[in-house]
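Working notes for the structure below.
From a predicted model like this one, the values you see are computed outputs, not experimental measurements. Numbers for residues simply follow the sequence, beginning at 1.
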Amino acid sequence: MNKLSAVIITYNEERNIARCLESIHTIADEVVVVDSFSTDATPQICQQYGVRFIQHEWEGYVKQKNYANTLTSNDLILSLDADEALSEELKSSILDLKEQNIENRVFSMNRLMNYCGKWIHHGGWYPENKIRVFDRRHSYWIGQKVHELLFVPDDFQVIKLNGDLLHYSYYTIEEHRRQFDKFSTLSSEEIVENGKKPSLFKAYMHGFWRFVRDYFFKLGFLDGRYGWIIAKINANYNFMKYKKAIDLIKNRH
C-alpha cells in the first residue's frame, strides 16, 4: 500500500481547518500543517487533531507549499488548502489509489465551490480540475505571485478521480471583493515584472470578455443571483489587474 501525506498551509483558518482535517483523518497516513504564525485558534485546533504542526514565515504560495512538501515522511502527497474538504466519493477514490501503481502518474479531481452557502455549478467555476495527489520526487509547485501550478513531467499520466474537492471559498460577497482586490494587485505586479505593456483598451476588453464568457457562454446565469455577482466581480478583477499595472508603470516614471 502507498502511504499518503496530506499537506496544508494555513494562516488564521479557525473557521475552516477543523472541517478540512475531519475530512482526511481516515485516508491520510500523516498530516503536515505549515502555519504562517496564525493569531487565531488555528494552532490549537490543529493540535487537537494530532497533526504535525510547523510554523514558518510566509514566503508566498509557491515557496510555502514546496517547503511544506519537504517535511513529509512519505513521497505521495495530497495537497489541500485549509478551506477545502473531501467529499465521501473522493475519499473512497483516494483510498483506492493507495492500493494502485502510482509510478509516472498524478491524480486530479473536480473542485466544487461553495459561495455564500450556495454550491456553484457553472460560470467557469465547475468543473474546475485540480491536480492534488502527486509524488513529490517528480512534481513541485511553480509560478509567481498568484495562481501557483503543479509541474508534472511530460511523460506522466493524469488520472481523474471520482468525487469532488469541496471548496468553501467565500462566506460573504465582501470577502470575495477583498480577495479580488488583493489578487488584482499581485497580478498587476506580475504583468509589469513580465514586461507586458498594458493599456486601458486591453483592460476594458479583458473585463468585458470575462463577463460575457463566464455569465453567458459558461452558463453562470444558471446559478441565479450569485452567478451574476460572481461574473461581475471576476470581470472587475480582469479590468483592475491591467488598470493597476498601468498605474504602476506611470508611478515609476
Side-chain angles (χ1 to χ4, degrees), residues 1-10 13 16-35 42 45-54 56 61-62 64-114 119 121 125-143 147-169:
M1 177 186 285
N2 301 298
K3 289 202 169 184
L4 177 74
S5 293
V7 176
I8 308 162
I9 62 172
T10 57
E13 290 285 357
N16 291 313
I17 190 62
R19 178 179 57 232
C20 179
L21 295 175
E22 190 67 33
S23 78
I24 60 175
H25 81 277
T26 59
I27 60 110
D29 299 286
E30 173 189 47
V31 179
V32 174
V33 176
V34 174
D35 180 75
T42 299
I45 295 169
C46 288
Q47 288 161 12
Q48 291 172 10
Y49 281 86
V51 308
R52 186 178 176 201
F53 187 82
I54 298 97
H56 183 76
Y61 292 101
V62 171
Q64 199 80 350
K65 287 189 173 185
N66 283 333
Y67 169 73
N69 290 346
T70 68
L71 302 175
T72 64
S73 303
N74 307 303
D75 292 321
L76 186 62
I77 302 289
L78 166 63
S79 181
L80 293 175
D81 294 336
D83 60 357
E84 296 172 338
L86 310 183
S87 71
E88 291 301 321
E89 187 177 14
L90 183 55
K91 288 182 194 179
S92 296
S93 296
I94 292 175
L95 284 174
D96 288 343
L97 80 81
K98 291 175 68 177
E99 304 283 350
Q100 300 173 17
N101 173 21
I102 63 166
E103 188 175 353
N104 295 342
R105 292 179 173 184
V106 295
F107 300 86
S108 70
M109 57 202 69
N110 285 337
R111 186 164 73 165
L112 178 62
M113 306 283 260
N114 188 292
W119 295 109
H121 291 92
W125 275 17
Y126 187 83
E128 184 187 23
N129 196 252
K130 297 287 185 182
I131 299 172
R132 291 299 188 83
V133 181
F134 55 90
D135 188 325
R136 67 174 180 177
R137 293 171 295 182
H138 305 291
S139 294
Y140 49 87
W141 297 102
I142 58 174
H147 306 310
E148 69 279 3
L149 297 171
L150 188 72
F151 168 79
V152 178
D154 291 339
D155 60 340
F156 273 46
Q157 185 180 7
V158 180
I159 306 296
K160 179 76 172 292
L161 298 177
N162 294 323
D164 290 324
L165 180 62
L166 307 175
H167 186 199
Y168 295 83
S169 56

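- Residues N69 and F134 are in side-chain contact: their nearest non-hydrogen atoms beyond the backbone lie under 4.5 Å apart.
- Between the CH2 atom in W119 and the CE atom in M113 there is a gap of 10.0 Å [rounded to 0.5 Å].
- The side-chain contact (heavy atoms from CB on, under 4.5 Å) test with L112 is passed by exactly one of H167, H121, E128: H121.
- A donor-acceptor pair under 3.5 Å links the side-chain atoms of S93 to the main chain of E89, judged by distance alone.
- Note that CG of D135 and CZ of F107 are 10.0 Å apart. Values are rounded to the nearest 0.5 Å.
- At a threshold of 4.5 Å between non-hydrogen side-chain atoms, the residues L78 and L86 count as touching.
- In this structure, the separation between CE on M109 and CD1 on I131 is 9.5 Å, given to the nearest 0.5 Å.
- When every heavy atom of A18 is checked against every heavy atom of I45, the shortest pair comes out as CB-CG2, 3.9 Å.
- With salt bridges taken as basic N to acidic carboxylate O contacts below 4.0 Å, one links E88 and K91.
- Counting only distance, with no hydrogens or angles, the side chain of D29 and the backbone of L4 share a donor-acceptor pair below 3.5 Å.
- N66 places a side-chain N or O within donor-acceptor distance of the main-chain N or O of W141, the cut-off being under 3.5 Å.
- In this structure, CD on E99 lies 4.0 Å from CE on M1, to the nearest 0.5 angstrom.
- Annotation: side chain of V31 is in contact with side chain of I8 (closest heavy-atom distance under 4.5 Å).
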Run N110 and K160 through side-chain contact (heavy atoms from CB on, under 4.5 Å) and show every step you take. CA-CA 8 Å; N110 285 337; K160 179 76 172 292; 3.2 Å; yes
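- Between the side chains of T10 and D35, a donor-acceptor pair is found at a separation under 3.5 Å.
- Residue I54 comes nearest to R52 through the heavy atom pair CD1-CG, 3.7 Å, listed as atom of the first residue, atom of the second, then distance.
- Note on ring orientation: taking the six-membered ring where Trp is involved, the planes of Y67 and H56 are parallel (angle under 30°, cut-offs 30° and 60°).
- Heavy atoms only, all atoms of each residue included: V106 and S139 are closest at CG1-OG, 3.9 Å.
- A28 approaches A6 most closely through the heavy-atom pair CB-CB, 4.0 Å.
- Each of I24, V7, L21, V33 was scored for a side-chain contact (heavy atoms from CB on, under 4.5 Å) with L80, with one residue passing: I24.
- The aromatic rings of Y140 and F151 sit parallel, their planes meeting at an angle under 30°, below the 60° perpendicular limit.
- The existence of a salt bridge linking E30 and K3 is excluded, since no basic side-chain nitrogen approaches an acidic carboxylate oxygen closer than 4.0 Å.
- The closest side-chain heavy-atom distance from I17 to Y49 is not below 4.5 Å.
- Under the rule for a side-chain contact (heavy atoms from CB on, under 4.5 Å), the partners of N2 that lie at least two apart in sequence or sit in another chain are L76, I102.
- Looking at D81, L90, I94, L150 one by one, the single match for side-chain contact (heavy atoms from CB on, under 4.5 Å) with R132 turns out to be D81.
- Of all heavy-atom pairs spanning R111 and Y126, the tightest one is O-CD1, 3.3 Å.
- For the atom pair NE2 of H138 and CG of N104, the computed distance is 6.5 Å after rounding to the nearest 0.5 Å.
- Rounded to the nearest 0.5 angstrom, L161 CG and S108 OG are separated by 6.5 Å.
- In plain terms, the two heavy atoms of D83 and R19 that are nearest each other are O-NH2, 4.3 Å.
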